[in-house]
Amino acid sequence: MTWGLIRAESPGNPYLNMALEEFLFKNLSNTGYEGFVRFWRNDNVVVIGRFQCPLSEVNYYKAMEMRTKVVRRFTGGGAVYHDQGNLNFTLVFKSNNKRLPELFEFVGNIVSAALKKMGFNAAFKPINDVLVGPKKVAGLAGGIQGNIVLVHGCLLVNSNLEALATVLNVSKEKLSDKAVESVRRRVTTLSSEVGREVSIKEVEESLLCEVVTRVGIRDLQEVRLTKVECVLIDKLCREKYLSRDWLALLCTYCPLRAEHEEKVEALAGVTELDKSGRV
Amino acid sequence: MIRVGEYKARDGKLVKVVISLEESRISGIIITGDFFLEPPEALEAICKKLEGVNVYNLGIALKNVEEYINSNGVLLFGVDVEGLGRAIARALDHESDAL
């Protein structure tokens, strides 16, 4: 069976990037493909997990100052900072295994194997991290719907870690079982580990090679989205990911909503999109 | 009165609750965090099981949450119901400093 390779991305429009993720997840069974592999990037965005509060995860004042966009994923897990030095990867496929921890292990081992081949001392660390040495370099999230699973993740290739540490809030409780006291010391990039600029392209090639081998893909075709698909993805983007309601998903019932409302509105307002924002 | 509590198990995920408390009754609650839950819609059902509960009956309410999860094929990981209970207990122990 044929797998589809998707390189469509809209770094200036993270809402559209997320809409494409959901579209692939919800529509795999209508496409005739066995699965999809996707590589994509965002620029200056905090992506929060499905069950997170934007104001807990984002340093509001810094995000406003840095014009950082905030988008909610449809998958669980934690908040991450994306710039163009961060490579996102996605696997969507049919599976009878409906245990997310095992799916994370499967994909985490693919990522760590790809990095090992590039010379990094990488390892998957349950629940959903990939480490280089003692530091986190990638995180995974995922969802299951029927017999379709999606696992996506982000890999810090040469991201701006100062910006990451500035705009993300991490509670003391979150770091309570870590040996370090700040997110800045807990994460690293591939480039800073080797002391040279590692390119997105070389990481993507290494990851793709490992995915093809470990998943057992015999036929991989680059997918061009049709006009109809683009219209549907754009519709999902506008109706869901660009909406204030989706960002404020959990606010409706929150006892702190009166105090938070104005700030969530302001974060939802940072949505001007650049012209590369087309899939 | 609004209370906030959070809890993270070792090598687990963070769970945070914001509770509005009327005397000893939980009149509103939201559960947030970086845990995983499938299907995601189950979160609303879990909150409903805790709303209106007198804090002295929290143990029974948490058992109801556990039963709901087990009997509906809900997958919660990164945190368990005991961890959720700890976050709630911490919230009840101290008032919100988030205001």
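The basis for the numbers below is simple: all heavy atoms, side chains too, and nothing from hydrogens, waters or symmetry mates.
Taking a 6.0 Å sphere around NZ of B/Lys63, one finds it holds 12 or fewer heavy atoms contributed by other residues, nucleotides or ligands. The 12-atom threshold is not exceeded at NZ of A/Lys62, counting heavy atoms of other residues, nucleotides or ligands nearer than 6.0 Å.
Atoms CD1 and CG, from A/Ile127 and B/Asp11 in turn, are 8.0 Å apart once rounded to the nearest 0.5 Å. From B/Leu14, atom CG reaches atom OG of A/Ser56 across 9.0 Å, with rounding to the nearest 0.5 Å. The distance from the CD atom of A/Gln52 to the CG atom of B/Asp34 is 5.5 Å, given to the nearest 0.5 Å. Here the CG-OG1 distance, from A/Leu249 to B/Thr32, works out to 11.5 Å after rounding to the nearest 0.5 Å.
Contact tally against chain B (heavy-atom pairs below 4.5 Å) for A/Gly49, A/Gly77, A/Gly78: the top residue is A/Gly77. Ranked by heavy-atom pairs under 4.5 Å with chain A, the first of B/Ile31, B/Leu43, B/Ile30 is B/Ile30.
There is no contact between A/Ala79 and chain B, counting heavy-atom distances below 4.5 Å. For chain A, the nearby part of B/Glu44 is the side chain; its heavy atoms alone come within less than 4.5 Å.
Here the shortest heavy-atom pairing between A/Pro255 and B/Gly28 reads CG-O, 4.2 Å. Of all heavy-atom pairs between B/Glu38 and A/Leu100, the closest is CG-CD1, 4.0 Å.
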Practice item. Show your reasoning for whether side chain to side chain contact (heavy atoms under 4.5 Å, CB included) applies to B/Val4 and A/Leu256. Key: CA-CA 10 Å; B/Val4 178; A/Leu256 292 170; 4.3 Å; yes
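When side chains are defined from C-beta on, A/Asn128 counts as touching B/Phe36, because their heavy atoms get closer than 4.5 Å.
Ring planes of A/Phe51 and B/Phe35: parallel class, angle under 30° (limits at 30 and 60°).
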